[in-house]
Novice: 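Provided herewith is a single structure, encoded as structure tokens, for subsequent inquiry.
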Amino acid sequence: MKKLILTTLVTVGIGLSAMAGEPVKLAVRMDDMGAFHSVNTAVMDIYRNGISQTVELMPVASWYPEAVEMLENAPGLDVGVHLTITSEWENVKWRPLTDAKSLVDEKGYFLPMIYPRDAYPGLSFTERGYDLAEVEKEFRAQIERVIKDVPRVSHITGHMGCTIFSPEVNELIVRLAKEYNLVSMDKTHAKDYGYEFISYADGAYGMLPGKCKTLEEKENSFINMLKNLKPGKKYMFIDHPAYDDAEMATVFHIGYEDVAADRQGVTCLYKSERVKKAIRDNNIQLVTVNELVNGLPRQHDAKVVKAIDNYMKVAREKGLDIHSMMVLQGGKVLGEKWQSRGDAATPHIMNSASKTLTSTAAGFAVAEGKLKLDDKVIGFFPGKLPAKVSDNLKNMTVRDLLTMTSGQAKANTTAQRQTKQDWVEAFLAEPVPYKPGTYYAYNGLGTFMVSAIVQEVVGENIFDYLTSRLFRPLGITGITWDESPDGINCGGWGAYLKTEDMAKIGQFYLQKGKWNGKQLLPEWWIEEATKAQVPSRPGGMTDDEYKKKDPANNDWMQGYGYQIWRGRHNTFRADGANGQYILVLPDQDAVVAVTADLKNMAEELNLIWDIILPVLNK
């Protein structure tokens, strides 16, 4: 995945800590991507210029391949698997991915309807019946297809109610959602996640009687609905965008003939300046579906909110450009704020905080028996070794890479800026003058080697590897990670995460690898990764130089784990250049996530100890 360039244009209510009241949280969905080219292009138009950041993708539809390609260039767009077993249009039909005879008509197409319709007698599933085993097989095929093609997928929905039309199908969906670490987002599960489905104010929706005929009617109805939303509550709105073009002019079914005009109205509604203004005026925060259901719980605390405001003020007076801060305690967000170039919905560069994610990938590989910490580095790349392999290089292990004690005296920072050089070869060609495990020297390319090794043993890059094991279970989507010229995630740098994603990673470590009651990564790995495996005194530093660093009060002299820094106050952290921190405070049961663009990282951290830590001490 390459660096995120495009960001969603509409983000409302960023400075939550400064708000007089809690905002409404609204997820606006775009359904049926993949059904038509017209739908695909409308979705991308709205993503760039409108109010929706979530799309439902149909894996059986004709334009699915184009949709997948488009989504590659829209990493901030939240994606759901739109399970489909109906083919309702007269001129366009879809078939199952599996041999599901009970789900198709005599021509092999899906039946047109879930529920009986007078215009389609005997052609609904509730009339015809179905084989539940075939439904499960088909749903699995569709889910797995989207996971393979769009790994960041976060949830499951059903086309025309195909996931909720019977209790046994609904139970199946619950089981599949749990198995694939996806959230089921249909109406029967809304209460479980604390949100409410909403529609146009007059009850109009899609092809139902009384639907809005014109854009003005749609706008008025939608805005009237917005005015009735309650502060602090969560809502979801659904409609189906497309364009009124030659393609959509051919699309209809009996009883719903003006599809093109109706769906053009949805596209215009989702881009409407009147609607955007109404969203701002009614204190509504637009969120993705993933954020709606997987967001960290909020319980804003006046003392913490005030402390964050004070921290930002003092930092500003000291010339520190802080972009965001989020403070958790007891697993709940007690305060959060974005300013300067910070944005709640936009992933922020992590710099070396990326290293902790790379270590996490190594932890999963070790837990799965695919990697051992004592494995020799040269064993993974026999074809890329220098002509002469020194004894120190022969003895270098994965553990040495993780603890920054590879034996190399310095990092080869030149190689990582090259677009043609093989970074693995460059690292292995670097002299290793010291015995591995004995000489601490910070080395970003060494972390890249961990990324390359994990990719070698698991068969996919660490971004995709972590997506199924960490990001999807934690509800982290829309992030990116830069790659080397050979398609290996940079490992030591190049990840982009939102502030809340950072806080989730910190909470995951605070909970020792457990999330929602499930142990994702073994507790023993978390304990090993976060303790001081080696002293963080740079190799070659004299005693006098060490004393000048004031080690007792220096957060970079408290020891180093597996790509994780130990800090004062019994803390540990992911730490990235220019002020990116994921701070974990076990004694306070707290996490602090910070993004910034500054040089004096020690001052930034000291202010956290002086201003934020006191309000977290119970």
Novice: To the nearest 0.5 Å, tell me how far L77 CG sits from S52 OG.
Specialist: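 Those atoms lie 7.0 Å apart.
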Novice: How about E168: does its CD atom have over 12 heavy atoms from other parts shown lying under 6.0 Å from it?
Specialist: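 More than 12 heavy atoms, drawn from other residues, nucleotides or ligands, come within 6.0 Å of this atom.
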Novice: Give a yes or no on whether K514 atom NZ has more than 12 heavy-atom contacts from other residues, nucleotides or ligands under 6.0 Å away.
Specialist: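 No, because the 6.0 Å sphere around NZ of K514 holds 12 heavy atoms or fewer from other groups.
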Novice: Could you state the interatomic distance from CD (E138) to SG (C162), rounded to the nearest 0.5 Å?
Specialist: 10.0 Å
Novice: Would you please say whether a donor-acceptor pair under 3.5 Å links the side chains of R469 and N181?
Specialist: no
Novice: About how many Å separate NZ of K332 and CG of L296, when rounded to the nearest 0.5 Å?
Specialist: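 It comes to 12.0 Å.
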Novice: Please determine whether salt bridge (charged side-chain N to carboxylate O under 4.0 Å, His left out) holds for the pair E134 and K101, giving the CA-CA distance in whole Å, both sets of side-chain angles, and the decisive distance to 0.1 Å.
Specialist: CA-CA 8 Å; E134 289 188 346; K101 292 183 171 57; over 6 Å; no
Novice: Ignoring hydrogens and angles, state whether a donor on the side chain of T288 or T54 is under 3.5 Å from an acceptor on the partner side chain.
Specialist: no
Novice: Apply side chain to side chain contact (heavy atoms under 4.5 Å, CB included) to the pair K233 and V24, showing each step before the final yes or no.
Specialist: CA-CA 5 Å; K233 299 296 184 181; V24 171; 5.8 Å; no
Novice: What I'd like to find out is whether the side chain of L497 reaches to under 4.5 Å of the side chain of I505, using heavy atoms alone.
Specialist: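 A side-chain contact under 4.5 Å exists here.
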Novice: Please check if any side-chain donor atom of Y270 sits under 3.5 Å from a side-chain acceptor atom of D239, or the reverse.
Specialist: no
Novice: Apply side chain to side chain contact (heavy atoms under 4.5 Å, CB included) to the pair E368 and Y465, showing each step before the final yes or no.
Specialist: CA-CA 12 Å; E368 293 169 9; Y465 185 61; 2.8 Å; yes
Novice: Going through the distances and angles, do D78 and S154 end up as a side chain to side chain donor-acceptor pair (under 3.5 Å)?
Specialist: CA-CA 7 Å; D78 186 25; S154 69; 2.7 Å; yes
Novice: Taking G475's backbone N and O only, do any of them form a donor-acceptor pair with N290's side chain (distance below 3.5 Å, no angle check)?
Specialist: yes
